[in-house]
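Reading through the C-alpha cells given below for one structure.
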Amino acid sequence: MDSWTRSAKVTYRRWSNPEPGDGGEFVGQTDEDQATDNEICTIASAKVHSGGRESATNSENNKTTETFTVDDALEAIGFGVFQWKISLLTGLAWVGDAMEMMILSILGPQLHCEWRLPSYQVALITSVVFIGMGLSSPAWGNVADKYGRRVGLTVCMCWTLYYGILSAFSPAYGWLLFLRGLVGFGIGGAPQSVTLYSEFLPVKARGICIMLIAAFWAIGAVFEVLLALWVMPTLGWRWLLGLSAIPIGIFVSFCFWLPESPRFDVLSGRREKAIATLTRIARENGKEMPRGTLVEYKQSERGQFKDLFSHQYWKTTLLLWFIWFSNAFSYYGIVLLTTELFQAGDSCGVTQGAKIEPRCSLECKYLTSADYKDLLWTTLAEFPGLLVILFAVDYLGRKKSMAICFFMFSLFMLPLFACTGRIALTVLIFISRAFISGGYQVVFVYTPEVFPTEIRALGMGTSSAVARIGALITPFVAQVMLRKSVYLTLSVYCGCSLLAGIASLLLPIETLGRGLQESGIDQEAVGQTTDITHQSNGTTHNIDQR
C-alpha cells in the first residue's frame with residue numbers, strides 16, 4: 001500500500017458494442033457491464049512510483065484516449081464562418097417569430113374599429129395564438145428529439161409561413177381566429193432554433209452567441225413596428241400580415257443548407273453522418289478535425305416526458321417551468337400595462353383613485369403615427385437590457401443573471417405605487433422592460449445547456465408551453481384586474497418576479513463553462529467522479545451505477 005501515492009483516478013466511457021479486441025485496452029481494475037448500450041464502463045487506474053509500471057500505464061492510456069466527443073470536435077473547430085452562417089439563418093426564425101407576435105398589438109385595434117368587434121373578441125385574437133403555442137410547444141419538442149432538430153424546426157416554420165399568409169385572406173372574424181390559432185401552433189416550435197443553434201457552439205462562445213441570437217427577436221419586433229408604420233395607413237392589415245411572413249419565407253428558402261445537429265446524429269447511432277457534418281464545419285472554418293474516433297452514445301429511446309422528472313432533473317424542471325412562466329407573465333404584462341397606463345394619463349391620477357374607470361367596449365380608436373412611434377420607443381427598451389445581460393451571463397453566471405433581472409424588474413415596478421409624472425412613468429417602464437426582456441433571453445441560454453441531448457428539445461418545448469400559460473393569464477391581470485385595483489395588479493407582478501428570482505438562485509446546476517451533456521447518464525458520471533476524488537487513498541472504490 002505504501003507504493004500508492006495518489007488517489008485512484010476513475011474515468012468513464014460509454015460502452016457501445018465494441019469490436020472484438022477493442023475492449024481489452026482498459027488498465028488497472030475494471031468493472032465492465034455490457035448489458036445495454038446505455039450503461040457506463042468504468043476504469044479505475046492508479047499511479048505508482050515504479051517507473052516501469054507507470055510507463056506501461058501511460059502507454060496503455062495512450063491507446064484508450066484515441067477518441068473524441070462532439071464537444072471535443074467543436075472546441076477544436078471553434079467559432080468561425082459556419083457559425084456566422086447558422087447564426088443568420090436561425091436568427092431569421094427568431095425575426096419571424098417576433099414579427100408574428102408583435103403584430104398582435106397592432107392587429108387588435110385595427111380590427112376593433114374595422115369589424116366593430118367588442119373587446120373580448122379582440123382579446124381572443126391574441127389568446128388563440130398563445131393557446132396554439134402552448135399546445136404545440138411540447139409536440140414540436142418531441143418531434144425534434146425523435147426525428148431531428150432540423151426536421152422539427154423546418155416543419156414548424158413551413159407551417160407558420162403557410163397559415164401566416166393564408167390568414168391575410170381571412171373573409172370573416174371566425175376564419176381569422178381559426179387561422180391565427182394555427183399560426184400560433186406553428187410558432188410554438190420556434191424555440192427549437194435555439195436548441196439547434198446551441199448544439200453547434202463551443203462552450204466558451206455559447207452564452208454570448210445565444211444572447212446575440214436573441215437580439216434578432218428585438219430586431220424583428222422593431223421591424224414589425226416600422227413595417228406597420230409604413231403599411232397600415234395605406235395598404236391595410238391584410239398586407240401587413242402577408243409582408244410579416246417574409247423573414248420566415250427566407251428561412252424556408254435556405255433551410256436546405258441547414259445541417260442536422262451532430263449531437264443528435266451521434267445519439268441516433270448515425271456516427272458517420274455526424275463526422276461528415278463536423279468535417280464540413282471544420283472545412284468552412286479553416287480548422288482541422290481532432291485525431292481519433294468519434295465516441296458514440298447510441299440511445300434508442302429519446303424525448304420521453306418522464307425523463308424530465310428523473311431524480312437528477314425533477315427539481316430543475318419544476319423550477320425552470322416557474323421561471324419561464326414568470327418571464328412570460330411579467331414580460332407581456334409590462335407590455336400591456338404600458339398601453340393601459342399611458343391611456344389613463346400619468347400614474348398620479350391612476351394611483352390616487354387606485355383603479356382605472358372602464359371604457360365602452362365598442363369605443364373605437366385607430367392607432368396613429370404617434371402611437372406607432374411610442375410603441376417603437378417602448379420596443380427599443382429590449383436592446384439596453386440585452387447588452388447588460390450579454391456581459392453578465394458569462395461573468396456572473398446564468399443563475400445570478402436571471403435572479404438579478406427579476407429583482408431589478410421588481411425594484412423598478414415599486415415606484416409605480418407612488419405618484420409619478422408621465423416622464424418618470426415612461427422611464428420606469430422602459431427600465432423594467434429592459435430587465436425582464438434580458439432575463440427572458442438568459443433563460444433561453446440556460447435551458448438548452450442544463451438538459452442533455454436526449455431530452456433537450458423536449459425540455460425547451462415544455463418550458464415554452466408553460467410560458468404560454470403565463471402569457472394567457474397576464475391579460476386578465478394587466479387589463480381586467482387593473483381596472484379593479486392598480487395596487488393589487490402591481491403587487492402580483494412584483495411578487496411573482498421576486499419568487500422567480502429566488503427560484504433562479506435555487507436551481508441546482510450552474511451551466512457557465514459546462515459542456516452540453518449527451519445523456520442523463522453523463523451527468524451522473526460527473527457527480528460520481530466528483531464523489532470519488534474526495535474519497536481516501538486506496539485501490540478499490542465502490543461505484544454506484546444507478
Side-chain angles (χ1 to χ4, degrees), residues 96-134 160-187 220-246 248 332-333 335-340 342-344 356 358-376 378-379 468 471-476 478-480 482-483:
D97 184 9
M99 292 180 69
E100 292 293 345
M101 295 304 299
M102 195 66 190
I103 203 174
L104 297 175
S105 62
I106 300 169
L107 188 62
Q110 184 71 22
L111 293 180
H112 180 53
C113 293
E114 189 171 323
W115 285 357
R116 296 294 176 181
L117 300 177
S119 298
Y120 77 91
Q121 288 187 340
V122 174
L124 200 56
I125 297 174
T126 300
S127 298
V128 294
V129 175
F130 286 121
I131 291 172
M133 295 170 72
T160 305
L161 176 64
Y162 177 74
Y163 287 108
I165 295 176
L166 203 60
S167 64
F169 299 94
S170 302
Y173 173 77
W175 274 106
L176 180 68
L177 209 63
F178 174 70
L179 293 173
R180 294 309 294 178
L182 292 177
V183 170
F185 192 91
I187 296 175
V222 171
F223 185 68
E224 181 66 27
V225 177
L226 293 174
L227 183 64
L229 184 60
W230 172 58
V231 171
M232 291 296 286
T234 55
L235 300 177
W237 62 271
R238 295 183 186 276
W239 276 92
L240 182 65
L241 286 178
L243 294 175
S244 296
I246 289 177
I248 297 179
Y332 291 109
V335 171
L336 295 174
L337 278 175
T338 301
T339 305
E340 293 293 327
F342 280 171
Q343 287 181 344
I356 297 176
R359 297 186 304 269
C360 175
S361 63
L362 291 177
E363 180 184 354
C364 178
K365 182 181 179 182
Y366 285 98
L367 291 176
T368 65
S369 59
D371 293 326
Y372 286 120
K373 290 176 182 177
D374 289 340
L375 189 59
L376 179 62
T378 307
T379 307
R468 305 312 167 191
L472 273 171
I473 295 174
T474 200
F476 296 96
Q479 294 175 320
V480 179
L482 186 71
R483 304 193 181 283

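Computed from a predicted structure; not experimentally measured. We use all heavy atoms of the structure for the numbers below, so side chains are in, but hydrogens, waters and symmetry mates are not.
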Applying the side chain to side chain contact (heavy atoms under 4.5 Å, CB included) test to L166, which of L182, L179, V183 qualifies?
L179

Do F130 and Y332 have their ring centres less than 6.0 Å from each other?
yes

Worked verdict on R180 versus I103 for side chain to side chain contact (heavy atoms under 4.5 Å, CB included)
CA-CA 11 Å; R180 294 309 294 178; I103 203 174; 3.6 Å; yes

Run the side chain to side chain contact (heavy atoms under 4.5 Å, CB included) check on F223 and I246 step by step: do they pass?
CA-CA 12 Å; F223 185 68; I246 289 177; over 6 Å; no

Any donor and acceptor pair, going by atom type alone, linking the side chain of S167 with main-chain N or O of G164 inside 3.5 Å?
yes

Roughly how far apart are [X] [atom1] and [Y] [atom2], rounded to 0.5 Å?
X    : Y    : atom1 : atom2 : result
M99  : L227 : CE    : CG    : 5.0 Å
R238 : L107 : CZ    : CG    : 10.0 Å
I131 : R468 : CD1   : CZ    : 13.0 Å
F169 : L241 : CZ    : CG    : 10.0 Å

With a 6.0 Å cut-off (strictly less than), is the heavy-atom count around CH2 of W115, excluding the residue itself, greater than 12?
yes

Do other residues, nucleotides or ligands put more than 12 heavy atoms under 6.0 Å from the OH atom of Y162?
no

Show your working on side chain to side chain contact (heavy atoms under 4.5 Å, CB included) between V128 and F178 and close with a plain yes or no.
CA-CA 8 Å; V128 294; F178 174 70; over 6 Å; no

Among all residues two or more places apart in sequence or in another chain, which pass the salt bridge (charged side-chain N to carboxylate O under 4.0 Å, His left out) test with E224?
none

So do Y173 and I125 actually touch side chain to side chain, heavy atoms under 4.5 Å?
yes

Less than 4.5 Å apart, any side-chain heavy atom of L240 and any of L235?
no

What are the two closest heavy atoms between [X] and [Y], and how far apart are they?
X    : Y    : result
I248 : G96  : CG1-CA, 3.6 Å
A221 : A98  : N-CB, 3.8 Å
W237 : E114 : NE1-OE2, 3.1 Å

